[in-house]
Amino acid sequence: MNITQRVAIVLTQVATEEGTGRVIIRRAAAKGHKLSEGTIYPLLRKLEADGLLTCSVSNPIPELGGRREFQYALTDAGKGALATYRTQM
């Protein structure tokens, strides 16, 4: 599977530790990459549908007004796609 640079940035952010969309945005920003919420959440859903990420949903969190957090982690397919991307660069 050919992946774009933006996809590689997202996959890299969860390669060693899972994270929420907000965490992925922060990690990417710390490395000099700009990802907006309008970009990251549709992309995360697509990557999950494509089998490159898994998503686990937390119980409601009172500090977040009862909202749930979605934690994304890299799948074996995601690791393979990222490794392929890195060797092509």
Side-chain angles (χ1 to χ4, degrees):
M1 166 183 260
N2 289 330
I3 62 173
T4 64
Q5 182 181 14
R6 182 173 291 161
V7 169
I9 291 167
V10 171
L11 296 179
T12 299
Q13 304 318 308
V14 294
T16 56
E17 184 178 0
E18 65 182 35
T20 63
R22 288 187 313 264
V23 168
I24 294 167
I25 290 170
R26 259 195 317 270
R27 288 179 189 161
K31 306 248 188 218
H33 304 290
K34 182 171 173 54
L35 298 171
S36 69
E37 289 184 8
T39 299
I40 191 77
Y41 292 107
L43 184 55
L44 290 171
R45 286 190 293 274
K46 181 183 181 330
L47 294 175
E48 181 184 11
D50 290 347
L52 301 180
L53 295 177
T54 59
C55 179
S56 60
V57 183
S58 72
N59 290 323
I61 301 171
E63 297 84 10
L64 295 177
R67 290 182 299 166
R68 299 171 186 266
E69 280 194 323
F70 295 81
Q71 293 280 337
Y72 294 91
L74 204 57
T75 64
D76 288 339
K79 290 175 188 173
L82 184 58
T84 299
Y85 176 83
R86 288 176 172 163
T87 60
Q88 294 174 349
M89 296 316 296

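One is the number of the first residue; the rest follow in order along the sequence. Note that this is a predicted model, so its numbers are computed, not measured.
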Would you please test Leu53 and Leu74 for side-chain contact (heavy atoms from CB on, under 4.5 Å) and show each step?
-> CA-CA 5 Å; Leu53 295 177; Leu74 204 57; 4.0 Å; yes

Following the transitive rule for hydrophobic clusters with a side-chain heavy-atom cut-off under 4.5 Å over Ile, Leu, Val, Met, Phe, Trp and Tyr, establish whether Val10 and Phe70 coincide in one cluster.
-> yes

Minimum heavy-atom distance between [X] and [Y], given as atom pair plus value:
| X | Y | answer |
| --- | --- | --- |
| Ala28 | Gln13 | N-OE1, 3.6 Å |
| Ala77 | Gly51 | CB-O, 3.6 Å |
| Ile9 | Leu35 | CG2-CD1, 4.1 Å |
| Val7 | Leu47 | CG1-CD2, 3.7 Å |
| Pro60 | Gly66 | CB-O, 3.3 Å |
| Glu37 | Pro42 | O-CD, 4.1 Å |

Test applied, side chain to side chain contact (heavy atoms under 4.5 Å, CB included); reference residue, Leu82; option that passes from Leu11, Thr87, Leu52, Val14 | Leu11

Mind checking side-chain contact (heavy atoms from CB on, under 4.5 Å) for Ala29 and listing every partner two or more places apart, or none if nothing turns up?
-> none

Value rounded to 0.5 Å, distance of [atom1] in [X] from [atom2] in [Y]:
| X | Y | atom1 | atom2 | result |
| --- | --- | --- | --- | --- |
| Arg68 | Asn59 | CZ | CG | 6.5 Å |
| Asp76 | Thr54 | CG | OG1 | 10.0 Å |
| Asp50 | Ile3 | CG | CD1 | 11.0 Å |

Any pair counted as salt bridge (charged side-chain N to carboxylate O under 4.0 Å, His left out), so long as it reaches residues 3-25, sequence neighbours left out = Glu17-Arg27, Arg22-Glu69

In sequence, state the C-alpha distance, the side-chain angles, and the governing distance for Leu44 and Ile24, and then conclude on side-chain contact (heavy atoms from CB on, under 4.5 Å).
-> CA-CA 10 Å; Leu44 290 171; Ile24 294 167; 3.9 Å; yes

Side chain to side chain donor-acceptor pair (under 3.5 Å) partners for Thr39, two or more places apart | Ser36

